[in-house]
Amino acid sequence: MRVGITGHRGLSAEVEEQVRAMLDEAVRGYDASDLVAVSCIADGPDSWFAEAVLMHGGRLEVVIPASEYRDGLPEWHHDTYDKLIRQAADVHETGMTESTSEAHQTGSEVLVGLVDELLAVWDGKPARGYGGTADVVNYAERNGIPVRVLWPEGASR
C-alpha cells in the first residue's frame, strides 16, 4: 500500500502532539511490511508521517519539488530532512529548480500520482496560498485518489 501525506505546517505544540498520535494510529492500521510512505518530508506532518512509517517497519519514498526545496525549509529542520532522505528507498524529482508555490503543487501532483491513498492533515479550510493542503486534497479527489482527513476535533492552526 502506497500512502501519501499532505498537511499544514507550523502547528502548535498541542496540535502537533495530537496529529502525531493520529498519524501513528493510522500507520498501525496498515500492514507495515507492505507500507510505503510517499512524502515531500517538509517540517510538520510530512516528516512526522515518514518517521512513523519507518519506525513501524515500512519504507519511505521522497518527492523533491525543486532542487532548492531544502533551502526553503526552516534551518532547524535540515537535519531531519537529511536523515529522512538518506533513509528513502527512492527519490522522485520534478526537475524544477526554484522552490515556489508552483513547484510545491507540482511535487504534490507527482506524489498523488504515486499513491493509492492520501492522508491529509487538514482543517478543511481553503488553502492560504497556491499549492496548499486544500489544493492537494482537491487534486487527489479529482484524480480518483481516496483522501483520509486527519484533524483533531476543535483544533485550529
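Remember, predicted model here, so these are calculated numbers, not experimental data.
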Practice item. Following the transitive rule for hydrophobic clusters with a side-chain heavy-atom cut-off under 4.5 Å over Ile, Leu, Val, Met, Phe, Trp and Tyr, establish whether M55 and V36 coincide in one cluster. Key: no
**Study point:** Student check: side-chain heavy atoms of L111 and L118 closer than 4.5 Å
**Key:** yes
Review point. Quick check: does any side chain N or O of H8 sit under 3.5 Å from a backbone N or O of D123, one acting as donor and the other as acceptor?
Key: yes
Review point. More than 12 heavy atoms of other residues, nucleotides or ligands under 6.0 Å from CD of Q87: is that the case?
Key: yes
Practice item. Applying side chain to side chain contact (heavy atoms under 4.5 Å, CB included), run through T80 and E51 and close with a yes or a no. Key: CA-CA 9 Å; T80 299; E51 290 167 339; 3.5 Å; yes
**Study point:** CD-CE distance between E102 and M96, expressed to the nearest 0.5 angstrom
**Key:** 7.0 Å
Point to revise | Heavy-atom check, side chain of V19 versus side chain of L150, under 4.5 Å | key: no
Practice item. Answer with yes or no whether the hydrophobic clustering places W122 together with I41; edges join I, L, V, M, F, W, Y residues whose side-chain heavy atoms lie under 4.5 Å apart. Key: no
Revision key, fill the gap. In short, P45 meets L11 closest at the heavy-atom pair CG-CD1, 4.4 Å
Check your understanding: Within a strict 4.5 Å, meaning less than it, do heavy atoms of the V53 and L60 side chains meet?
Key -> no
Point to revise | Linked, directly or transitively: V110 and I64 (ILVMFWY side chains, under 4.5 Å) | key: no
Exercise for review: Please report the shortest heavy-atom distance between V115 and G4, naming the atom on each side.
Suggested key: CG1-N, 3.4 Å
Revision key, fill the gap. Distance col, row E25:CD vs R20:CZ, nearest 0.5 angstrom, shows 16.0 Å
Exercise for review: Check the pair T133 / V121 against side chain to side chain contact (heavy atoms under 4.5 Å, CB included), numbers first and verdict last.
Suggested key: CA-CA 8 Å; T133 303; V121 177; over 6 Å; no
Practice item. Tell me whether the centres of the aromatic rings in Y69 and H104 are closer together than 6.0 Å. Key: yes
Practice item. Measure across L23 and F49 and return the closest heavy-atom pair with its distance rounded to 0.1 Å. Key: CD1-N, 3.9 Å
Revision key, fill the gap. All heavy atoms of D135 vs all of A127, minimum pair found to be OD2-CB, 3.7 Å
Point to revise | Straight-line distance of S67 OG to E98 CD, nearest 0.5 Å | key: 9.5 Å
**Study point:** Hphob cluster co-occupancy, L54 + V91, side-chain heavy atoms under 4.5 angstrom
**Key:** yes
Revision key, fill the gap. Only residue of D82, D43, D46 satisfying side chain to side chain contact (heavy atoms under 4.5 Å, CB included) with H77 is D43
Point to revise | Any donor-acceptor pair under 3.5 Å from T94 side chain to P65 backbone | key: yes
Check your understanding: Are W48 and E16 close enough that some pair of their side-chain heavy atoms sits under 4.5 Å apart?
Key -> yes
Review point. Under a 4.5 Å cut-off applied to non-hydrogen side-chain atoms, are H92 and L114 in contact?
Key: yes
**Study point:** Inter-residue atom distance R59.CZ - S33.OG, 0.5 Å rounding
**Key:** 10.5 Å
Practice item. Mind listing the closest non-hydrogen atom pair of A103 and A66 along with its distance? Key: CB-CB, 4.0 Å
Review point. Roughly how far, to the nearest 0.5 Å, is the OG atom of S12 from the CD atom of Q18?
Key: 7.5 Å
Review point. Does the side chain of V136 reach to within under 4.5 Å of the side chain of Q105, using non-hydrogen atoms?
Key: yes
**Study point:** ILVMFWY network linking I85 to V38, side-chain heavy atoms under 4.5 angstrom
**Key:** no
Exercise for review: In sequence, state the C-alpha distance, the side-chain angles, and the governing distance for L84 and V62, and then conclude on side chain to side chain contact (heavy atoms under 4.5 Å, CB included).
Suggested key: CA-CA 8 Å; L84 289 171; V62 172; 5.6 Å; no
**Study point:** Residues R28, D24: salt bridge by 4.0 Å N-O rule
**Key:** yes
**Study point:** Residue pair R157 / V15, side-chain heavy-atom distance below 4.5 Å
**Key:** no
Check your understanding: Hey, what do you get for CE (M1) to CG (L35), rounding to the nearest 0.5 Å?
Key -> 8.5 Å
Exercise for review: For V112 and A140, work out which heavy atoms get closest and say how close.
Suggested key: CG1-CA, 3.8 Å
Review point. Does any N or O in the side chain of R9 come within less than 3.5 Å of the main-chain N or O of G44, such that one atom is a donor and the other an acceptor?
Key: no
